[in-house]
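The structure appears right after this line, and notes come after that.
In this text, all values refer to a predicted model and were calculated from it rather than measured experimentally.
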Amino acid sequence: MSITGQERYYKENDEFSTSYKISKFLLKFFTKGSDISVSIGRAMDVLGNYVDQDGNSLDKWGRTIDTRDYFVSGGKVTVDAQREEEYTHMLGKRIVEEFHKINRVFSSHLVAFVAFELIKAKNRKLDIFDLIRLPDEDLTLNYEEFKSGCQLVLDRITELKAQGKIDMAPHLKRDMDSVIAHGLDNVGMYHAKRPLLKDQKGNIVTEDMSLLYFYHNRLHGYGLEKLF
């Protein structure tokens, strides 16, 4: 006896399913603006080693090396699937490491990450599938609690920047209320449903938990989750 169809999913309406939603998106696209950052890291070779301005590969001590040697067997270049698979794994790891270093944090990343982690912390027994289906009444965060969480994460990000492990946008040096306001204005600004906003009572709420999860991922991988 076989059991199928156990995968869990939920149906979500298409954001652009109506002419009104399409018009609303176009209006936002042409009337609103947001900062864009392009980060370019140091050049690397196919093994993840840094290269100098002449294209020479350098080892971790800064010495010139010949990557051809890594593909030679019996005195000639050969094809080795197992070897190349390991090299690909090494390169992937190095790309992720470099991305983390040059990743520039914006206020929108900060507020999305903190909001999602606070909601997750309040529902520790739920997995991601159940989290993104939480009812609206469970998706409200007290502003002061949210502000404290943002300051906690920003302090840690500042430490990581000092260690050369991440980058930060200049506007994150403003006071925290201004940083939060800037983040709320910019996160998911082109979506019909906003992943994060402030309600009439001043609390922080989300209109789309799955979008909030998507935007929060920009700060995944730095161990910031441990702060909650």
Charged N-O contact under 4.0 Å between Arg94 and Glu98: yes
Within one Ile-Leu-Val-Met-Phe-Trp-Tyr cluster: Val205 and Phe116, side-chain cutoff 4.5 Å: no
Run the side chain to side chain donor-acceptor pair (under 3.5 Å) check on Asp155 and Thr158 step by step: do they pass? CA-CA 5 Å; Asp155 289 344; Thr158 302; 5.3 Å; no
Pair Lys122 + Glu145, salt bridge at N-O below 4.0 Å: yes
Just to verify, what does His220 make a ring-ring contact (aromatic ring centres under 6.0 Å, His included) with, not counting sequence neighbours? none
Could you walk me through whether Arg83 and Glu86 pass salt bridge (Lys or Arg N to Asp or Glu O under 4.0 Å), step by step? CA-CA 5 Å; Arg83 180 190 64 196; Glu86 181 60 27; over 6 Å; no
Taking salt bridge (charged side-chain N to carboxylate O under 4.0 Å, His left out) as the cut-off, I'd like each qualifying pair that reaches into residues 42-58, sequence neighbours left out, listed once. none
Would you call Asp208 and Arg194 a salt bridge, taking side-chain N to carboxylate O under 4.0 Å as the test? no
Could you grab the distance from atom CZ of Arg133 to atom OG of Ser210, nearest 0.5 Å is fine? 12.0 Å
Check which hydrophobic residues are tied to Leu47 through side-chain heavy-atom contacts below 4.5 Å, counting indirect links as well, and list them. Val46, Ile65, Tyr70, Phe71, Val72, Val77, Tyr87, Met90
N-O pairing of Glu159 and Arg156 below 4.0 Å: yes
For Tyr143, is the NZ or CZ atom of Lys198 found under 6.0 angstrom from the centre of its six-membered ring and inside 45 degrees of the ring axis? yes
For His100 and Ile166, indicate whether the former's side chain and the latter's backbone hold a donor-acceptor pair under 3.5 Å. no
